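Report on the following structure.
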Amino acid sequence: MKKEHEHKAKKYGMVIDLDKCTGCGACMVACMAENNVPFRADETDKLLSITWMRVYKLTNAMPFPKTEICYLPRPCMHCEGSHGHSPCVSVCPATATDYSEATGIVSQIYTRCFGCRYCMAACPYHARYFNWWDPVWPEGMEKYLSPNVSPRMRGIVEKCSFCFHRYQLAMEKAHYEGRHGLEEDEYQTSCTQACPAGAITFGDLNNPHHAVYKLKKSENAFRLLERLGTNPKVYYTSSRKWVRQAGDNYLRDEKDNVIDKSKFRN
Amino acid sequence: MKIDRRSFLSFIIGGAAGTALSPLPAKLTDDLSIWTQNWPWTPVPEDGEAIYADSVCTLCPGGCGISVRKIDDRAIKIEGMKGHPVNDGGICILGLSGLQLLYGPTRVKTPLKKTSNGGWKKISWDEAIAEVAENLGKLRSEGQPQALACISGSDQGTVPQLFRRFMTAYGSPNYMCVPSSQDSYSITLKLMQGAQASAGFDIENADFVLSLGSGIIEGWGSPVCMFKANSACEAKKGKVVQIEPRLSNTAAKADQWIPINPGTEGDLALGLAHLIIKDDLYDKDFVGNNTFGFDDWTDDKGKSCQGFRQFVLENYGPEKVAETTGIDADTLTSLAKSFASASNPVAICGRGQGKRPGSIHEFIAVHALNALKGSINRKGGVWAVPEPNYISWAEPETDAVAQKGLQTPRIDGAGTEKYPYTKSLLNRFAEVVGSEGESPVKMLFVSGANPCFTLPDTGAVKAAFENIPLVVSFSSYMDETAKAADLILPNHVFLERYEDVPPPAGVNKNVIGLSKPVVDPQFDTKHAGDAIISVAKALKGSVGSAFAWDSYEACLQETMGDKWDSLNEKGFVVPDTAPACEKTYTTPSGKFEFFAAGYEQVTIEGDEKWYPLILMPYDSMRLSSGFIGNPPFMTKTVEDTVLKGNDIVVEVNPLTVRESSALFVKDGDYAILSTPKGKATVRVHLSEGIMPGIVAMPTGLGHTAYDEYLAGKGTNFNELIGPVEDPASGLDAAWGIRAKLANIAS
Amino acid sequence: MDSALIPKGVRRCPLGHFVLFLAVVGAVLLWGVFAMVLCWIKGLNQTNMNDYYGFALWIWADLAVIALGGGAFFTGFLRYIIGKDELKNIINYAVLIGFICYSSALLILAIDIGQPLRGWFIFWHANVHSMLTEVAFCLSCYFAVLTIEYIPLILENRQADKVPFFHNLSHNMHEIMAVFAATGAFLSFFHQGSLGGVTGVLFGRPFGFREGVFIWPWTFFLFTWSAAACGPCFTILVTKITEAVTKKKLVKDNVIELLAKISGWMLLTYFVAKTIDTWYWASVTAPSMGFFLSDFYTGNPLYGWWILVTEIVVCGLVPALILITERGRKNKTSLVVAVVLASIGVSLNRWVMVLQVMAVPVMSFDNWAMYFPSWQEIATTILPVAYGIILIGISHRYLPIFPQEKELNPVD
Amino acid sequence: MFPFIFEWIWDMSHIVFMGGLWYALNIIGIGMTYCIIKAVVDTYQGKGGHHHDEACECGCDNHH
C-alpha cells in the first residue's frame, strides 16, 4: 500500500476545524516567527499588514443576543484551479510564482518578482501581500531571523508557502537517510504545529493514510469560494450552517434551499 | 584632425551607439537587478548548525514546555515541547513571540541609576549592589526594617521565596504579591474545605462546563493546557455554557452563550442551586456524607442555624433570580437541569483571564454548586491542589532588629483578624503609601511585576511610587515600573536563566518544570536570585548568613535535591505524590462546609445618574495584559476593532447608542469615555455581541513605557477603574465601573 | 530668434510667450518628476495603494491613456490599410498623441512596479500565459512603431531636413510606412485587447471576470473596440483644443467629420456589444458565481448604479448618436460634447475595470474597500499630461504636424 | 523570451506567442534596417542634398 503513494504526485493541503479554532492568533505569530515576516510600529491598517496567515472574524449578523462569532484562519489556499491554473500563477508576467505539480504548492520567487501586483489583483482571498516598506528589525532583533527563509526586500509580493522550506529540509533528511517519501509528521507547517486547540490538520490530500484525506470528506467540509473554480487546497469544517454558507456567495433563492456543494466542486 | 561641431557630434552619437550595442548596458542592467536582490539593508540571516534546546516558558504562570530552535548561538524560533504534560506541543501566541522579548529593544542592558534630572546613568553591578546594600543598611540602622517593602509577581517558586526570605531576614513583614483570582479561590478552598491549596480544574474530563465569565480560551489558568482541555472536552461531546455579558471568544466557542447582568453571577449560582435542590437533583451521596451546613443545624450554644438548602430555597427562587440576572426563568430551569443531569459537571468563575480577584461570596456560591453535584476532588471536577512543598529551607535566623521589624503590622492589613486568610492586599498599596506626606515605605523592591501598569487606579499607584524614596526594580524590560524606579537591577530574561516553575495555575496537574538558559545572557544582566543573594551578602550579619548559597544556581540545585538531575534532563518532573487526593476536609466540621448567609453583590464605583453605562474590561489572547508587555508580533495580530492607529476601540451595542441622548456615533467614531476615575478618548465599535448598557474595553493596551511598537497605543483600562474592597477578603472585587460615553464636542 | 526652426509659411507666437508657456507647464512637470523620484527612492509606501488596491490610479491611468491613444493605431489602420486617404491630414497628430500616450503609459508602469530595476524580467522571464506579458510585449513593440512613425516627422523639421541623410531616411520611412502601420495595427489590436484581458481573466474576481472565446475573455474584444471607437474621438478633441489655443483652423472639417462618423458607428456598435456583454455577465456569469448585479453596485459609498448608466448610456449611446447623425457632427458644439463624452466614457470604463474590481468584496465576510490616491500618485499621473502638452507645444511649433495649416491660414 | 532561458518550454503557447512577437520584432527591425541602409546609400548617391523646402525633387510627399 505504502509504496503506491510514494511516487504519486503529492497534493499538500489543510483541513481547519472551525469548531475548534479559538481565534487566539497563535497560528499568525507562528507563521511570522517561522517565515521572518517583518512588522512595523503601526499594523492596525490591515490592508497594509503582512499576515500570511490571517484570522478573520465572521459573524452571523444576528442581533444581540443571537449573535454568533466564528474565527476563520486564512493561509494561502494554494489553489489548483483546473490543472494547476490557479488565479495567481497564470497571471504572473515574470513566472515569479509557480504551481508545483509534485507537491501542489504555489511558490513565490522573491528574487524574480518585480512587484507588478497582478497576482494580488487576481487573488480573491487576499492571501498575497506587498512589501510596501523595506523590512526593518529593531537593532538586535535580526538575531532571531531564520536562515531557512530569506527576508523579502521592498517592492515585491509575498505569501504563505505552506512552510515549503520545511518540506525541503524534510526531503533532504529523508534523502540522506535513503528514504524516498516523507512520513505524515515529518512535514508539518508552523501554524499546524503551533495551534494550541489542534484545529489545523496538514498533510497530503492524495494520501489515504493522511488525516486530511478523511477529514476533507466530512459532510461539514467546505472550501472558500469554491464556485469561482479556484479549487483551493485548504478545507474548513464547521458544524454550523451559517459558517459553511459564509464560505461562498449564494443568491437569495439558493441560500434558502439546501446547498449541494458538490454542484460547485470540480 | 580639426574637431569641428559636426565631427564632435558624430563622435558623441557614434560613441553612444557603440556603447549601446556593446555588452555593457546588458551587463549593467543585469548587475542592477542582482543588486536589488541583495540590498545591503535587507538582512541575510547567517546559517549554521540547527539544534533544539528545551526549556519551560515563564512568561505566564502556564508552565508550558518549549523547544527553542537555534542556529549556532542564536535562538530563532520558540515551539511547543512535544510530550510535555502541560502543553504537549501546543504553544500560545505570547510564548511564540518570546524571542522578541529576548532580542527586543526594550531590554534594560545594564544596571541603571536614575539621575537627578530623571535620566538614566549606567552603573556597574558592584556599584548597584553596594548602593542597594548601603540604603538597606541605613534603614536598618535607623531601626526601620519594616519600611522596606517588596512586590513580587508571584508567591511560588524559588525566586519569590528568596525575596520573601530576604524580607524575613531583613525584618520586614511587607512582602506583597500580585493578586489574581487564584487568591480568591485559595480563600474559598480554605473556607469551605479547610485546604491550604490552589484550585485546579479538570476541564478535560468534565462533560458540562458552566463558566461564569471565565475565559477558558482567553488565557484563563494555564492557557495552552486549557485550550487543549477545552478541545478534548468538546471532542467528547461535553457541553460548555458561557455566562457573561459579552460575546467573548469563549462565549463564541461555547455550546451556549447566556448573557447576564454583570455582577450577578453569584446570584445565578445560587438560583441554579435552588432549582437543583428543589427538584432533588443534587448528589445526595456526596452532600449527605461529606458536607456540613446543607440542612439546618444547631451550633455549640444550642442556637439553631439555617442550612444552605433552606437558605437558597427561601431566597433564590427563579423569578427573583431571573430579575436580578436578566436570564429568564425558562433558561434558568433548563440550565439547572443540564448541569444537574451531567455526570461530571463543573462550574468555574474568575472573569476573563482570571487576573483579577473577585468577590469571595461569588466564588463560594459557585463552589457550592460544584459541591451539590459532588464535583470536588474527582474526575472532571475541582481539585484542591496542595501548594508545592519542594522548597524546604530552614527558617532564617533573625537578629533583634529584624524581630522587632517583623512584629510591626503589615502595611496592607492582610492576615489581620478582619481578613485572616488573605496573604497580601496589593490593592491597598497606593492608599497606604499615599501620594504625599511621609510614606510608611521608604524602600521598595519590585520583582516579576509591573504594578504601575497592572494595578487598578494606576494614576494613584504611580503617585505612590513617586512618594517612595527608593524604588529598586528587578525588571528585564524598561516597563512602567522600571521607569518609575530609582535603581534597576535587570534580571536575565527567561531564555537566559535557570528557574524552577511551580505547578501551573488552574490546572489539576502536579508538574514542576525547570526553565533553563537557552542562550547566553545577551547583556550585562544578573539573575534576580543572584542579585538578592549578593545584596544579602553585602549586608552581612544575620541577613547575609541567611543566604549561605554561593549562587542562585547552587541554591536551586540544593533545593531540588534528587529531582535536579531528571529536571535538568527532561525539563519537568511529575512528583510521585498524587495531586491533592486528600478527600479529608480540615474544616472545623471535618467536612465540606456550605454557607448560608452573606452572598452580597459587589457594588461598583460610580453613580448611575451621572454614569449610566457600565465599563467592563475584557481580556484577549492577543494582548498580554500582565507583567509582560505585548511583543510586536502580538500587537500585529490585534484586530482593528480593538486598536486603530493609536486609538483604543471600545465595544458597544448599537442599542446603547440608539437609546442614549448624549451619544451620536457611527461605527469607528470617536467618543469620550469617562468614569469616576478618569477620562479617555476612544473609538466606538458597534457590536451586537455585547449587552446593551455595557462598554467593553480591552486590557493590555495603553502602555506608557516600552518601545514604539507598544508605547502610546490605546488606553490602559486600569487608569479608568479603582479597586473595590471585597468585604470578605479585602481583595479587589471590582468587575467594572460606572461610565459615560459622550460625543467629543459635547 | 528660433524662426530658422519654424516651418516656412506658418505663423507662430513670439518665443517669449512660448518660453513662458513652457515654464508654466514645466513647473507642473517638475512637481510630477519630484513625486516620481520619491516613489523610486522611498518605494510605493508613498502611495495610498494597499494590499486590496494593488492596482489603483496608475493602472487606471495606463489603461485610459492607452485607450485614448488608440486614435493613432485606428487612424493609421484606416489610412494605410483601409485607404481613407483624407485621414493623412490628421494622421501626424494622431501619431503624436499616440506617442505621448504610450510613452506616458510606459513611464507610469516604470513607477508603478515595486522593483523598477527588475522590470525587464517581464520580457526575459516572460510567462506567455499572462495577459500582462502580452501587454508588455505589444505595448513596447507598438511604442517602437509609434517612434518610427514619429521620427520622420522630426526629421522634417526645416533644419534637420537640410541634412541629406535625415532627408533620405525620412523619405524611405515614409515609403514603407504602410508596413509599419500594419504591424502597429496588428500589435494594437492585441495589446488593447490584452489590457481588457488583464481584468477579464481574473476568475477570482467576479466583477471583472468575463467568459470568452479561446483564451480571450469578451473584455479583450470590448477593449480593442472601445479604444478604436474612442481613441479617434480623443484625437479630435485634442485637435479642437489645439485649434482653440492657437486660434487657428488646423484640420479641414471634412477630415474631422469623416473620423467622427467612423467613430460614431464604432461607438454605437460598441454600445450594443457592451450592453450584450453586461447583460450576459449580469444574468449568467455573475450569478453562476453567486453574485447578483446589485451586489456590485450597492452597499458602498461610491459605486452605485449611476456609474453603469453613465458609462454605457451617457458616455456611450449619447455620443454615438450625436456622431452618427450628420447634424450632430457638423455642429461644432455637439461634436465637442460627443468627443468629450466618449473620452470620459472610455476612461470611466477603464476605471470601473480596474478600481471597482478591487473595491468589490469577494469573500462573503469581506468588506468594500475604498481608496483615494496620495498626492504622489496624483502628481505622477498629471506628470504625463504636462509632458504631453509640452511635447505637443514643441512639435506644433517646429514640425509640420498639420499639412493643411498653410492652406487654411495663409500668411499675408 | 529566448529558448535558452530556463522557463522556456517548446509548447503551443510559447510557439504562438513568441512566434507572433518575433515576427513583429523582425518586421520592425528589418524595416528600419532597410530604411537606414537605403538612406546611407541614397546619401552617398548625392540625393537629398538640396536646400529648398518647397518641393522635393525626388517627388516625395514628405510635407503632406
Side-chain angles (χ1 to χ4, degrees), chain A residues 19-26 28-30 32-34 36 39-46 49 51 55 57 59 61-71 110-111 134-147 149-155 190 193-199, chain B residues 36-37 39 41-48 71 74-80 87 89-93 96-97 99-100 103-105 217 223-224 227-228 230-231 234 247 249 252-253 257 259 621-622 632-640 643-645 653 655 688-692 707-709:
Chain A
D19 291 338
K20 281 189 189 159
C21 173
T22 64
C24 72
M28 295 170 79
V29 170
M32 293 176 205
E34 177 76 21
N36 295 339
F39 53 87
R40 297 188 312 114
D42 185 357
E43 291 275 5
T44 61
D45 184 344
K46 298 302 170 191
S49 180
T51 42
V55 178
K57 187 176 179 176
T59 72
M62 296 285 274
F64 176 89
K66 289 190 176 150
T67 327
E68 286 182 34
I69 291 175
C70 180
Y71 287 94
Y110 309 130
T111 50
D134 274 307
V136 179
W137 282 268
E139 201 194 329
M141 241 198 233
E142 68 280 355
K143 274 194 190 164
Y144 74 63
L145 294 180
S146 160
V149 184
S150 48
R152 280 70 61 186
M153 59 294 281
R154 184 186 84 200
S190 178
Q193 198 185 32
C195 179
Chain B
T36 66
Q37 294 165 4
W39 274 341
W41 58 87
T42 307
V44 180
E46 232 173 281
D47 208 349
I71 296 291
R74 300 189 293 125
I76 60 157
K77 171 116 187 277
I78 299 179
E79 289 168 4
N87 58 319
I91 184 164
C92 82
I93 188 167
L96 280 160
S97 313
L99 296 180
Q100 296 195 320
Y103 296 124
I217 53 169
V224 176
F227 274 68
K228 291 202 173 274
N230 184 57
S231 283
E234 279 182 6
L247 181 60
N249 285 6
K253 284 273 88 105
W257 166 47
M621 277 306 285
R622 300 189 196 176
F633 272 159
M634 276 171 73
T635 309
K636 184 166 176 168
T637 67
V638 171
E639 283 164 354
D640 56 4
L643 178 72
K644 184 80 194 161
N653 192 294
L655 260 181
E688 292 289 353
I690 187 162
M691 191 179 246
D707 46 26
E708 56 168 332
Y709 303 99

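Residue numbering restarts at 1 for every chain, and letters A, B, ... go by the order of the sequence lines. Computed from a prediction, not measured in an experiment: that's the story for all the values here.
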Open item on the list: Less than 4.5 Å to any heavy atom of chain A: does that hold for the side chain of B:Asn653, its backbone, both, or neither?
Closed with: side chain
Task: Side chains of A:Cys24 and B:Ile93 in contact at under 4.5 Å (non-hydrogen atoms) - done: no
TODO: Using non-hydrogen atoms and a 4.5 Å limit, figure out which bit of B:Lys228 sits close to chain A: side chain, backbone, both or neither.
DONE: both
Open item on the list: Once rounded to the nearest 0.5 Å, what's the spacing between atom CD1 of A:Ile69 and atom CG of B:Leu247?
Closed with: 3.5 Å
TODO: Mark yes or no for whether A:Thr44, through its side chain, and B:Lys644, through its backbone, hold a donor-acceptor pair below 3.5 Å.
DONE: no
Open item on the list: Contact between B:Pro45 and A:Ser146 at the side-chain level, heavy atoms closer than 4.5 Å - yes or no?
Closed with: no
Open item on the list: Looking at every non-hydrogen atom in both residues, tell me the closest pair between A:Ala30 and B:Lys77 and how far apart they are.
Closed with: O-CE, 3.7 Å
Open item on the list: Could you check whether any side-chain heavy atom of B:Ile76 comes within less than 4.5 Å of a side-chain heavy atom of A:Pro147, counting everything from C-beta outward?
Closed with: yes
Task: Nearest-0.5 Å distance, CE of residue A:Met32 to CE of residue B:Met634 - done: 11.0 Å
TODO: Specify the closest pair of heavy atoms between A:Ala194 and B:Leu96, including all atoms of both residues, with the distance to one decimal.
DONE: CB-CD1, 4.1 Å
Task: Region of A:Asp19 in contact with chain B, defined by heavy-atom distances below 4.5 Å - done: backbone
Task: Minimum heavy-atom distance between B:Glu708 and A:Ala41, given as atom pair plus value - done: OE1-CB, 3.6 Å
Open item on the list: Please give me the minimum heavy-atom distance between A:Asp42 and B:Gly645, naming the atom from each residue.
Closed with: OD2-CA, 3.6 Å
Task: Straight-line distance of A:Lys20 NZ to B:Phe227 CZ, nearest 0.5 Å - done: 14.0 Å
- [ ] Tell me, for A:Thr111 versus chain B, whether the close heavy atoms (under 4.5 Å) come from the side chain, the backbone, both or neither.
- [x] both
Open item on the list: So, taking the atom named CD1 in B:Ile217 and the one named OH in A:Tyr71, what distance separates them when rounded to the nearest 0.5 Å?
Closed with: 8.5 Å
Task: Any B:Asn87 side-chain heavy atom under 4.5 Å of A:Pro196 side chain - done: no
TODO: Counting only heavy atoms closer than 4.5 Å, note whether B:Ile91 contacts chain A via side chain, backbone, both or neither.
DONE: both
Task: Leading residue by heavy atom contact count with chain B [cutoff under 4.5 Å; candidates A:Gly198, A:Cys21, A:Ala61, A:Ser150] - done: A:Cys21
Open item on the list: What I'd like to find out is whether the side chain of A:Met62 reaches to under 4.5 Å of the side chain of B:Glu688, using heavy atoms alone.
Closed with: no
Open item on the list: So for A:Gln193, is it side chain, backbone, both, or neither that comes closer than 4.5 Å to the heavy atoms of chain B?
Closed with: both
- [ ] Under 4.5 Å heavy-atom distance to chain B, tell me which part of A:Asp134 shows up: side chain, backbone, both or neither.
- [x] side chain
TODO: Heavy-atom pairs under 4.5 Å with chain B are the metric here; pick the option from A:Thr22, A:Asn36, A:Val136 that has the most.
DONE: A:Thr22
TODO: Against chain B, label A:Glu34 side chain, backbone, both or neither, depending on which of its atoms sit under 4.5 Å from a heavy atom there.
DONE: both
Open item on the list: When you compare the side chain of B:Pro105 with that of A:Glu139, does any pair of heavy atoms fall below 4.5 Å?
Closed with: no
TODO: Go through B:Gly80, B:Gly48, B:Gly689 and name the one with the most non-hydrogen pairs under 4.5 angstrom from chain A.
DONE: B:Gly689
Open item on the list: Using only atom types and a distance under 3.5 Å, with no angle test, would you say the side chain of A:Lys143 pairs donor to acceptor with the backbone of B:Ala75?
Closed with: no
- [ ] Hey, could you give me the CZ/CD distance between B:Arg74 and A:Glu142, rounded to the nearest 0.5 Å?
- [x] 9.0 Å
Task: Approximate separation, where rounding is to 0.5 Å, of A:Arg154 CZ and B:Thr36 OG1 - done: 10.5 Å
Open item on the list: Counting heavy-atom pairs under 4.5 Å with chain B, which one of A:Ala199, A:Ala197, A:Cys70, A:Ser190 comes out on top?
Closed with: A:Ala197
Task: Shortest non-hydrogen contact between A:Pro135 and B:Thr42, atoms and distance - done: CG-CG2, 4.1 Å
Task: Any B:Leu655 side-chain heavy atom under 4.5 Å of A:Phe64 side chain - done: no
TODO: Under the side chain to side chain contact (heavy atoms under 4.5 Å, CB included) rule, what do B:Arg622 and A:Val55 come out as? Steps first, then yes or no, please.
DONE: CA-CA 12 Å; B:Arg622 300 189 196 176; A:Val55 178; 3.6 Å; yes
Open item on the list: Can you tell me which portion of B:Pro43 sits under 4.5 Å from chain A's heavy atoms? Options are side chain, backbone, both or neither.
Closed with: both
Open item on the list: Which atoms of B:Gln100 are under 4.5 Å from chain A, going by heavy atoms: the side chain, the backbone, both sets, or neither?
Closed with: both
- [ ] Can you tell which part of B:Ile78 gets under 4.5 Å to a heavy atom of chain A, answering side chain, backbone, both or neither?
- [x] neither
